[in-house]
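Chain identifiers are assigned alphabetically (A, B, ...) following the order of the sequence lines, protein sequences preceding nucleic acid strands; residue numbering begins at 1 within each chain.
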Amino acid sequence: MVEMVSNPMANEPNPTDIQTTKLYEAWGLTEHEYDLIVDELGRLPNYTETGLFSAMWSEHCSYKKSKPVLRTFWSKNERVLQGPGEGAGILDIGDNQAVVFKAESHNHPSAVEPYEGAATGVEGILRDIFSMGAQPIAVLDSLQFGDVTSKQTQRLIDGVVAGIAGYGNAIGIPTVGGAMNFDATYQHNPLVNVMAVGLLDQDLLHVGKAEGAGNVVLYVGATTGRDGIQGATFASAEFDSSEDQNRSAVQVGDPFMEKLVMDATIQAIQEYGDVIVGVQDMGAAGLVSSTAEMADKAGMGMILDLDQVPQREENMTPYELMLSESQERMILVVKKGHEDAVKQIFTDADLNAIVIGEVTDNKQYQLTFDGALVADVPVDFLTSAPKVELPQTEPARLVEATTAQYQPEVTDATAVLKQLLAQPTIASKAALYRHFDCSVRADTVIKPGGDAAVVRVRGTEKALAMTTDINSRYTYLNPYIGGQWAILEAAQNIVATGAEPIGITDCLNFGNPDDPEIYYELAQSVAGINEVAQVINTPVISGNVSLYNETDGTAIYPTPMVGMVGLHTSTDDITTIQAKQAGDVVYLVGELKAQFNGSEIQHMQTGSVSGDLFSINVDHAQAVQAKILEAAQSHYVNSIHDIAEGGLGVAASEILFGTPFGAELTLAAPIGNAFSEAPSMFIVTVAPAEQAVFEALMGDEATKLGEITENPTLKLVAQDQTINVSVSDVESMYKDSLWQQLQ
Amino acid sequence: MYLAKIKVTYKPSVLDPQGEVIKSALHRLDYETVEQVIQGKYFEVRLSADSLAAANGLVESMTEALLINQNTETYNYTVEEVEA
Amino acid sequence: MYLAKIKVTYKPSVLDPQGEVIKSALHRLDYETVEQVIQGKYFEVRLSADSLAAANGLVESMTEALLINQNTETYNYTVEEVEA
Amino acid sequence: MKSVVVRFPGSNCDEDMFYALQELGLNPSFVSAQSDISLADYDAIFLPGGFSYGDYLRTGAIARFSPIMQAVQAAADNGQLVVGICNGFQILTESGLLPGQLMMNEVPGFICDETLLQVEQAESAFTNAYTTDEILIPVAHADGRYYADEQTLADLESNHQIVFKYTSNLNGSEDMIAGITNKQGNVLGMMPHPERAVDPLIGNTDGQNFFKSILATVATQGVN
Ligand SMILES: Nc1ncnc2c1ncn2[C@@H]1O[C@H](COP(=O)(O)OP(=O)(O)O)[C@@H](O)[C@H]1O
Ligand SMILES: [Mg+2]
């Protein structure tokens, strides 16, 4: 064996070296920020302290750049029990129960290391949920990739899908839905966003605060290794395709261990909720972020003895111990004197559970190592990165754009429909999501393939609907309207299942915010989402920001992913997209606007998107959705499907897939309109007996299109052309295209 | 024809959850003197090449391109000539 | 202290889908001269024992008890003495 | 009737199984795989799906040495019913309570789907309540390819131990085997998940008769 180095810190640069070589800049701190630290401390920070600040003041941990925008989010209504700022947001769903949810990005790690990046993304988001004391019940994923035919994309898809499956399946939380889009803008910056949803008994509502001097800080779960060090700063930096050095920031996940940690944490909160004053998962910037934030929220100090931290590798330094992003670790703060009982739950599950420090009342964040004090900084200073106000400029492409619409070329409408169904963005993703266990826990009522996933709340009449949505072609053409559209689309997917939208989370994936045009896109998208959130009464209760999604100076399209949850008060209201019986009347609900800018057909026919979007009448969109919801809840309808990418033609095909039926429809418009895209449109089937009540409810909003037939043919007669095609023909385009392109 | 035998293991810094679980199982089975278990992968690849040197080159390049994940794994290998 | 290195492979009669998948992936990457790929497992076990012979005995017995499934797998191994 | 669900570290279908047993009147309780109590009091013992011990090494390989497995073995020898679903099946083959082995799917990768099964033995302890010979049951596994040598396969066939077969080649199993019993017929392992198909709300109730069969078997044989 090698001789142990007596002091692992011996080779670290001293404070003066750090100042003169500006080492801190490589870690993401600016000179101005460094100077602030020196001023506040009244001395030069040492290596460990500099590391603490670099992590805590990274955008990933501090949101210093996005905060001015995030602060504008509307996040309060009568349901909100916990808004943004904690591991996850919480909404009241009645009966003393609550739903807990959040979304998280793992873009950079997944680009470098698709399997582990995606797996640890699922892992991290689940920890956010169960650290609130909630039982995770579902995972969703929102994935954006580049050209589906490129080898690089295929390798990414393979890895990401296997990583999500490998983690979610093993830990036993169903992956019930998500989205997968393809566009060249993501070729070098794929996006991997995951969302998790949990259920919480309101008596166990817990927030991560370290109250009470003398209370003990308990470390539970896996040992700490050198993985993922500086992951938070890594996530806050731009990509340079010529560099492979970023690879050291890869963490490896162990779903088996996390399941033990999850079950034990939930059990501990259930049994000892009264003496556990805070719970926080170790995510980005591991130990420092979890402990410092808890101390700060309680207005307390904290002292940690790093020699107690269970270590997987030898000779780890305080810097490494504090910044490691090893997975499957949690911090609990427990009232003094009760730690043994809490520890027992974890040790019974063969997990580490070790007291590593205590809460103090001096508001300092202090670390000891090998008997010496190695860091001593004010807690509130460490956790409040200096604010940054960034300039905004409207990008030239937006200034110049007009709403003059692209006119699609439709010489053979049947061929166009088939071609649309084969587009990777539209075609069925079943060949890929089939790798995800969507039915473990035996609560999944609507599985992947519907508009939103639906998971019942066992032991009650309730169910929860959930979806993730974003079409970044819209946000690229108009960030504000695209933002509105994203949340409206999420809501239309939720109401289509018969659920009332109750709240949202988001993942704001953008380029470098220091570019005023990108900051403008960010601010505008958020404003668009926020406006609609208030109209439809879905507060923003959690979210995540992923900036610097650029390669060699080119940013991705603005991609503000929206994750929404809806509530079914009765499982009887659950409605699915498939046509149910021949003879049912088919309606279009909502206004079919001939809008082609940003549409799938524009992209398909021209290879790109261009032009401005029509402004959205949000109140009208909301009114249509409210009627759809009422129709579902009154059981007037047999099926509902929202009309999204590919327009009415695609949606009309989709309601027939997997059924023995066809449809005969008439559209009082040119055939091109069957491929136009606008928010808040639905295709609905109604039994003849309900036709009158349905029409009375809908008023002008419903247009009768025709009926479901026994003959399995889709016939759509427009003013100028007719689509006439066997359902099995279009269905095979939909089912097989993506899978074939991936071969 | 050449036969390559390639052993792949995690880099020492990478968590090897399987190794730990197997070690505790061995302890439960009373193999108490086991101090460490590392689980890796093992490949045998049969390939033709113009020379042993060429075969070595191919094996290294395919291992790095596909068989291992260079972020987390290392490998070593042998190549020998075998009958076709 | 002894170090055992154990290679486990499927018996030839057992289908090895991973090997096939890897072979076709290698072909797609233009390693066209690859004729066969077998994927197995590799273990390194550090253990103490009274003698090399005892270590060999332990390694065989733990491998057969736990590390392999004798229905489908075979193994070979080496044991060497190493510094503690 | 009393039944018990064994929870291994990493089991994740344990609760699903518990609820299914409860809903269908099999009166379940849980037992930890780490305990070494006797299971002599239970008419039926269920080893649920999941990833016991992370499925590290091989599926079921480590779980097989859990303390509870001695009691499971004793119960099997004693003629009590023992059921392994998915990972439970893998544990039963690893421990030698059932012949053969579950291996990686022919096309590697996890499959989550519903699949048609042919009920091959209408009178078994686990199928006697079925009135049709084709049932639709969820599957969710990456290592579900049943493998055994030719002699074993021939024996399974001639002893009527093959209870369920896939109707199409889902995972490359020998003879399309989805579920088998031991020679005595009291130990069953299957990859598909009947416990995920007991509730009309979830859209499939084809699993109900699996549990009703067990109830009927226990009622007539009166193990306890
Ligand atoms: N990556 C994925 N993981 C799980 N389910 C997915 C994924 N991608 C798509 N799906 C499912 O496929 C269906 C269609 O997705 P999508 O076309 O995005 O729906 P919509 O247009 O209604 O938002 C949805 O049920 C969705 O949950
Ligand atoms: Mg939809």
Hey, what's the ring geometry for D:Tyr56 with A:Phe256, parallel, tilted or perpendicular (30° and 60° as the breaks)? perpendicular
According to side chain to side chain donor-acceptor pair (under 3.5 Å), who are the partners of [X], at least two apart in sequence or on a separate chain?
X: D:Arg58; value: D:Glu94
X: A:Asp736; value: none
X: A:Asn352; value: none

Minimum-distance pair of heavy atoms, taken over all atoms of [X] and [Y]:
X: D:Phe110; Y: A:His435; value: O-ND1, 2.7 Å
X: A:Asp437; Y: D:Ala140; value: OD2-CB, 3.6 Å
X: D:Pro9; Y: A:Leu260; value: CB-CD2, 4.1 Å
X: A:Val440; Y: D:Asp16; value: C-OD2, 3.8 Å

Under a 4.5 Å heavy-atom cutoff, which of [options] has the most pairs with chain D?
options: A:Ala442, A:Gly172, A:Ala170; value: A:Ala170
options: A:Ile173, A:Asn169, A:Asp572, A:Thr571; value: A:Asn169
options: A:Arg441, A:Arg434, A:Lys259; value: A:Arg434

So, do A:Arg458 and D:Glu15 sit near enough that their side-chain heavy atoms are less than 4.5 Å apart? no
Using a 4.5 Å cut-off on heavy atoms from C-beta on, say whether the side chain of A:Ile171 contacts that of D:Asn12. no
Side chain, backbone, both or neither: which part of D:Ser32 has an atom under 4.5 Å from a heavy atom of chain A? neither
Atom NZ of D:Lys165: over 12 foreign heavy atoms under 6.0 Å: yes
Should we say atom CD of D:Glu23 is surrounded by more than 12 heavy atoms from elsewhere, each under 6.0 Å from it? yes
If the contact rule is any heavy atom under 4.5 Å from chain A, which residues of residues 188-201 of chain D qualify, in numerical order? D:Glu195, D:Arg196, D:Asp199, D:Leu201
Go through the atoms of A:Asp443 and report whether side chain, backbone, both or neither lie under 4.5 Å from a heavy atom of chain D. backbone
Between A:Ser439 and chain D, which part of the residue has a heavy atom less than 4.5 Å away: side chain, backbone, both or neither? both
